[in-house]
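All remarks here apply to the structure that follows.
In what follows, every chain begins at residue 1, and chains take the letters A, B, ... in the order their sequences are listed. Nothing here was measured: the structure is a model prediction, and the numbers come from that model.
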Protein chains: 2
Amino acid sequence: MQRPPTPTDAAAARRRGRPRKRLDAAIMAGQRVVRANLHEQAAERLRDLIVRGDLAPGASLVEVELSAMLGISRTPIREAIKLLAQQGLVELRANRSPCVRPLRAAEIRELFEALAGIERIAAELAAQRITAADLERLRALQAEIVREHEAGRRDSYAAANRTIHRTIVLAARNVPLAEVHAALLSRADQVRVFALGLEDRWEQSIREHQAILDALDARDPLQAGRLLQEHVGQTAAVVTTSLAGRIDPASSAA
Amino acid sequence: MQRPPTPTDAAAARRRGRPRKRLDAAIMAGQRVVRANLHEQAAERLRDLIVRGDLAPGASLVEVELSAMLGISRTPIREAIKLLAQQGLVELRANRSPCVRPLRAAEIRELFEALAGIERIAAELAAQRITAADLERLRALQAEIVREHEAGRRDSYAAANRTIHRTIVLAARNVPLAEVHAALLSRADQVRVFALGLEDRWEQSIREHQAILDALDARDPLQAGRLLQEHVGQTAAVVTTSLAGRIDPASSAA
DNA sequence: TTCGCGCAAATTGCATGCAATCGCCAGAAA
DNA sequence: TTTCTGGCGATTGCATGCAATTTGCGCGAA
């Protein structure tokens, strides 16, 4: 009978498995240093589950359940949950199980508004600092988006779309800005999964991307910023409309 | 002989102290619900120590030391440190003691740049949504700043200054934006403590505040945003100059 | 039938033990 | 004198135990 690994099993395995020189061995084996701490791995795994919608908004996150699911003990789980809470994907409730942040109309509106603003700032900076290599990468991503659009591949389209936004922000060469953007973006991704009808906007969205890339290419900060902010605003409008009927308009878990 | 409380002492005290009905009793005693979890208290306390400069940039944060200092066990300390790391006040190093984020020229420049951008966005939104009560509060804060300036009270001036910026951001009525702002602001505060010569700019700064308030009063988003962004930029310039000679120009802990 | 009370199970929050890991320092070799 | 190496102490990372708190439910009373 197979059974899921318990924390103890995992700990024992980890101990026995490699007498010593673990890191050296891993590096010499050509493995990418996967050696992140357990709580980081847990955070990444949980983020993924939440953003992909496998853990539904409002679902309560019970420590022992997650601990059994991931085969690690409660401690790193707790740390991971705290991390995700800080990023807005999880909501902590005093003396209660934390839960996946529910979708609330007002919060979603504010989220996209903030995201649009931050991307505008990033675009303005990026227009001043973007390199030829950045631009080339953006054009490649844009081409990829077009391909995935034509092939109708929803997931690939979304991934490429995400990457193009991320790349613009990174071109701003501002780490704190990129960090806050990443936090907001993952929450936006979570929301998007539950929105329908986004495909209707694909062609329009691609045109907007093209205009933004042109503005960046022309090193026009104001234009790039304005266009990107509006672009995000458009997406927000579609998402909000799509979700409007299906979530608590006021709040939830009241 | 007095000795600092150990985690065990504290735990025992907490257990013995209140047989039950703890919350009810506290509420009926009219106490504000101070009943935050230990890790939250610890985070707040540590944040304060860092922002006030009592824990110097680069200082290493050893779990047992902090645990003894705050009279709690390592677990909540660890959680608090993770939280502060997420906010950029603490830097985690693999398998080493975390440390207070050192001051690095490039990072500080980026930090204030991001802060300026976010405050611009906030000001634009605030100009559209600000209420009469908000404006009144801002005017009172501005008056307070003038008073503290004339009295030459450095700490009070800084506190009021911080509050006025915070209030403008809150007037934007956007929670995610306010949250990311708060994170960046606390790091900026930490940096400011080590910058000299900020007093030279007080009068100019007060004039800039007044212009920003006027723009908000006039409900002029572009003007308010532009002025606030430039204002933060000016502060950044002074801070950067002041710090330029006294920090690792490139990095540290290489 | 419905409301209230109290008990029990579920679950968090914190403390602590244990082992792996890292940095540091002494000592040896060049 | 400088550099490399081995072992030791310091410190983290994770697992787990224990108590407090909360919630849900059953039972009794109105």
Side-chain angles (χ1 to χ4, degrees), chain A residues 5-27 33 35-43 59-68 70-83 85 90-99 253, chain B residues 5-27 33 35-43 59-83 85 90-99 253-254:
Chain A
T6 68
T8 312
D9 290 343
R14 226 173 305 126
R15 237 169 289 140
R16 259 183 329 232
R18 340 193 178 172
R20 61 194 66 191
K21 304 262 189 185
R22 201 163 83 165
L23 182 54
D24 303 322
I27 286 176
V33 184
R35 223 167 62 74
N37 291 333
L38 283 191
H39 69 262
E40 288 171 16
Q41 293 177 238
S60 82
L61 301 169
V62 178
E63 291 177 7
V64 286
E65 284 176 13
L66 300 177
S67 141
L70 302 186
I72 62 183
S73 83
R74 287 173 47 214
T75 306
I77 295 279
R78 287 174 60 80
E79 295 177 349
I81 285 180
K82 294 266 180 338
L83 222 119
V90 162
E91 211 167 80
L92 300 177
R93 304 176 292 187
N95 286 317
R96 304 262 290 283
S97 300
C99 64
Chain B
T6 67
T8 313
D9 289 345
R14 227 173 304 126
R15 237 169 287 139
R16 262 183 328 232
R18 342 195 176 168
R20 63 192 65 189
K21 304 263 190 184
R22 206 162 80 162
L23 183 55
D24 303 323
I27 287 176
V33 183
R35 223 168 62 76
N37 290 333
L38 285 191
H39 70 261
E40 288 172 14
Q41 294 177 237
S60 83
L61 302 169
V62 179
E63 290 178 6
V64 285
E65 284 176 14
L66 299 177
S67 141
M69 179 189 307
L70 302 186
I72 62 182
S73 83
R74 288 172 48 215
T75 306
I77 297 277
R78 288 174 60 81
E79 294 176 351
I81 285 179
K82 294 265 180 339
L83 222 123
V90 162
E91 211 167 81
L92 300 177
R93 304 175 293 186
N95 286 318
R96 304 262 289 283
S97 300
C99 64

Rounded to the nearest Å, what distance is computed from the CG atom of residue Asn37(B) to the C1' atom of nucleotide dA15(C)?
15 Å
Using a heavy-atom cut-off of 4.0 Å across all strands, would you classify Leu61(B) as base, sugar-phosphate, or nothing?
sugar-phosphate
Selection from dT16(D), dG13(C), dA15(C) that lies nearest to any side-chain heavy atom of Ser73(B)
dA15(C)
Without decimals, in angstroms, what is the distance between Ile77(A) CD1 and dT16(D) C1'?
15 Å
Quickly work out the Glu65(B) CD to dT11(D) P distance and round it to whole Å.
7 Å
When you measure from the side-chain N and O atoms of His39(B) to the phosphate of dG13(C), is any distance below 4.0 Å, counting only OP1 and OP2?
no
So if I take every side-chain heavy atom of Arg74(B) and compare against dT11(D), dC14(D), dC14(C), which nucleotide ends up nearest?
dC14(D)
Atom-pair distance (CD on Glu63(A); C1' on dG17(D)), nearest Å:
14 Å
Donor-acceptor pair (no angle test) under 3.5 Å: Arg93(B) side chain, dG23(C) base
no
Side-chain donor or acceptor of Ser97(A) under 3.5 Å from a matching atom on the base of dT12(C)?
no
In whole Å, I'd like the distance from the CZ atom of Arg78(A) to the P atom of dA15(C).
11 Å
Can you name the nearest heavy-atom pair linking His39(B) to Pro76(B), along with the distance?
CB-O, 3.5 Å
Just compare dG13(D), dC14(D), dG17(D) and give me whichever is closest to any side-chain atom of Glu79(A).
dC14(D)
Is there a donor-acceptor pair under 3.5 Å between the side chain of Arg93(A) and the backbone N or O of Ser97(A)?
yes
Atom OG of Ser60(A) and atom CD of Glu91(A): how far apart are they, to the nearest 0.5 Å?
12.5 Å
Considering only heavy side-chain atoms of Leu38(B), the closest of dC14(C), dT11(C), dT12(D) is dC14(C)
Does a side-chain heavy-atom distance below 4.5 Å link Val90(A) with Leu83(A)?
no
Once you round it to whole Å, what is the distance between C1' of dT11(D) and CG of Leu92(B)?
14 Å
I'd like to check Ile77(B) versus Val64(B) (side-chain heavy atoms, cut-off strictly below 4.5 Å). Are they in contact?
no
Go through dC14(D), dT11(D), dT21(D) for me and flag the one nearest to the Asn95(A) side chain.
dT21(D)
Could you say whether Thr75(A) or Arg96(B) is positioned toward the 5' end of DNA chain D, judged by the nucleotide with the nearest heavy atom to each?
Arg96(B)
